[in-house]
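Atoms within a ligand are numbered from 1 in the order they appear, just like the ligands themselves.
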Amino acid sequence: MSPEDPQPVKRAAKLLGVLVAVRTGLRAARSRTPAPPPSAPESDIDPSKREVPANPRAELLVAGLVLLAALFAFAFTVVYIVAGGNTQLLGVAMGVALCLLAAACIIAGKFVVPQETHVEERGLLLDEEQTEEAVTMIEQGGEGISRRALLAGAGGVAGAAIVTAAATPLASLGPTMKAFHQTPWTRGVRLVDDQGRPYRAEDIQLGSFYTALPENADPEAFGSGVLVVRLPAHYIDLPAARRSWAPQGILAYSKICPHAGCAISLYRYPTYAPTSQVPAFTCPCHYSTFLPGEGGRLSFGPAGRALPQLPLMIDGQGYLRAAAGFHEDVGPSWWGVHRAQS
Ligand code: FES
């Protein structure tokens with residue numbers, strides 16, 4: 001090898017470069033922070049020392065959803081009171097409330113409640129100390145929730161709202177006794193047809209029956225509908241106290257069958273008096289038959305009582321008016337409404 005040959009010099013320089021790089025690498029490795037000791041397996045961690053990271057954003061979201069659910073549940077009750085018949089609105093209010101609550105539960109389950117499985121071997125909780133220890137342990141499981149009071153408050157409000165909403169429809173379970181005792185019929189109310197046209201006495205013909213409603217009242221109100229007929233004098237045999245209730249032989253009775261509440265819609269009128277039976281109303285449900293000429297007396301069928309009668313009078317212009325309310329509560333007898341009013 002001649003002193004002019006450049007190859008050995010180049011090789012030595014390369015070797016030197018590699019050595020420098022290795023040394024630098026070793027130094028860097030030594031200067032790094034030492035790695036933490038391997039963490040203990042989860043089952044070895046004392047549950048009372050666990051740290052559950054709080055997730056304030058998720059907690060706020062859950063609280064917001066729960067409060068919104070409460071709002072919709074309260075809206076259900078308000079809609080029920082203000083517009084009870086609007087079932088679509090009721091359904092929307094309750095549906096949205098439950099959906100919001102479900103969303104809140106899902107988010108809380110995923111991001112708020114600590115998701116840990118911890119299995120700990122221990123004996124039966126036979127003494128008080130162990131029991132207390134376990135209770136403390138369970139309570140500490142929720143310490144990662146930073147807005148517990150807010151969530152608990154929102155949950156309480158939502159619970160109250162939903163329980164209220166669920167209980168509200170109980171108000172619809174059957175009519176109240178007040179509804180039985182109050183019908184739109186009072187003294188002076190005119191009898192009108194389904195178009196609101198008042199009946200004159202002369203409109204009521206023999207052999208036909210008419211359905212009348214109270215003027216200026218809700219036609220669907222309990223006890224609104226009455227049956228009106230005109231009978232010849234020889235078919236009328238009312239109790240003495242009711243003699244004045246049928247001016248010109250016109251009589252009115254509740255349209256609600258006192259058996260099970262069907263609408264009475266059949267009328268039998270004799271076509272040949274010597275052989276025919278007396279005029280009668282018949283209920284199409286179970287054929288209870290009532291005699292309008294005899295104060296609505298039950299002549300056949302399962303109804304337990306007579307048809308309640310509405311006393312009538314004719315005003316100066318010939319219009320038919322109620323002389324008073326029904327003589328007895330209207331409605332099926334199994335509702336316990338048989339209460340004489342006069
Ligand atoms: S409901 Fe009228 S007879 Fe039964």
Side-chain angles (χ1 to χ4, degrees), residues 85 169 171-185 189 191-194 199 204-214 217-231 235-239 241-242 245-246 249-271 275-312 320 322 324-342:
S172 299
L173 290 181
T176 62
M177 294 309 288
K178 192 177 167 200
F180 287 132
H181 304 323
Q182 286 181 351
T183 71
W185 294 105
V189 173
L191 280 69
V192 299
D193 65 13
D194 57 359
Y199 280 113
I204 310 301
Q205 302 296 312
L206 280 177
S208 297
F209 82 105
Y210 305 79
T211 294
L213 298 165
D218 178 6
E220 293 184 8
F222 188 68
S224 278
V226 293
L227 299 161
V228 185
V229 291
R230 181 192 287 270
L231 294 180
Y235 281 133
I236 299 178
D237 182 18
L238 291 174
R242 301 193 204 172
W245 292 8
I250 301 173
L251 303 114
Y253 292 90
S254 167
K255 199 174 169 66
I256 303 174
C257 177
H259 175 227
C262 287
I264 294 172
S265 55
L266 303 173
Y267 181 50
R268 175 188 80 198
Y269 190 79
T271 48
T275 56
S276 300
Q277 293 182 305
V278 296
F281 295 123
T282 300
C283 175
C285 289
H286 313 100
Y287 302 106
S288 286
T289 302
F290 308 91
L291 308 182
E294 298 177 33
R297 180 172 70 82
L298 175 74
S299 72
F300 173 80
R305 62 183 176 122
L307 268 186
Q309 186 173 358
L310 183 72
L312 293 180
L320 285 174
F326 286 102
H327 86 285
E328 197 174 84
D329 287 336
V330 299
S333 297
W334 44 259
W335 283 348
V337 298
H338 190 180
R339 190 192 70 156
Q341 292 182 333
S342 64

Can the SG atoms of Cys283 and Cys262 be said to lie under 2.5 Å from each other?
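Cysteines Cys283 and Cys262 do not qualify as a disulfide pair, their SG atoms being 2.5 Å or more apart.
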Contact check: His286 to atom 4 (Fe) of ligand 1, N/O/S below 2.8 Å:
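Yes - counting backbone and side chain alike, His286 has an N, O or S atom under 2.8 Å.
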Give the residue, atom name and distance (to 0.1 Å) of the protein heavy atom nearest atom 3 (S) of ligand 1.
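Closest protein heavy atom to atom 3 (S) of ligand 1: Ser288 OG, 3.1 Å.
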Per-atom contacts, ligand 1 versus [X] - under 4.0 Å to a heavy atom:
{"X": "Cys262", "result": "1 (S)"}
{"X": "Ala260", "result": "1 (S)"}
{"X": "Cys283", "result": "1 (S), 2 (Fe), 3 (S)"}

Just by distance, no angles: are the side chains of Arg230 and Gln205 close enough, under 3.5 Å, to form a donor-acceptor pair?
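Result is no, nothing qualifies.
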Stepwise side chain to side chain contact (heavy atoms under 4.5 Å, CB included) test for Val226 and Trp185
CA-CA 10 Å; Val226 293; Trp185 294 105; 3.6 Å; yes
With a heavy-atom distance limit of 4.0 Å, tell me whether Cys285 approaches ligand 1 through its side chain, its backbone, both, or neither.
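For Cys285, only side-chain atoms sit under 4.0 Å from ligand 1.
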Any idea which heavy atoms bring Ser265 and Phe209 closest together, and the distance?
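Answer, listing the atom of Ser265 first, then Phe209: O-CZ, 3.5 Å.
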Are any N, O or S atoms from His259 nearer to atom 2 (Fe) of ligand 1 than 2.8 Å?
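Looking at His259, which is the residue asked about, there is no N, O or S atom under 2.8 Å from atom 2 (Fe) of ligand 1.
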Mind telling me whether Phe281 and Tyr253 have parallel, tilted or perpendicular rings, with 30° and 60° as the class edges?
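The rings of Tyr253 and Phe281 stand perpendicular, inter-plane angle above 60°.
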Over 60° means perpendicular and under 30° means parallel, so classify the ring planes of His259 and His286, tilted if in between.
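Ring orientation of His286 relative to His259: perpendicular.
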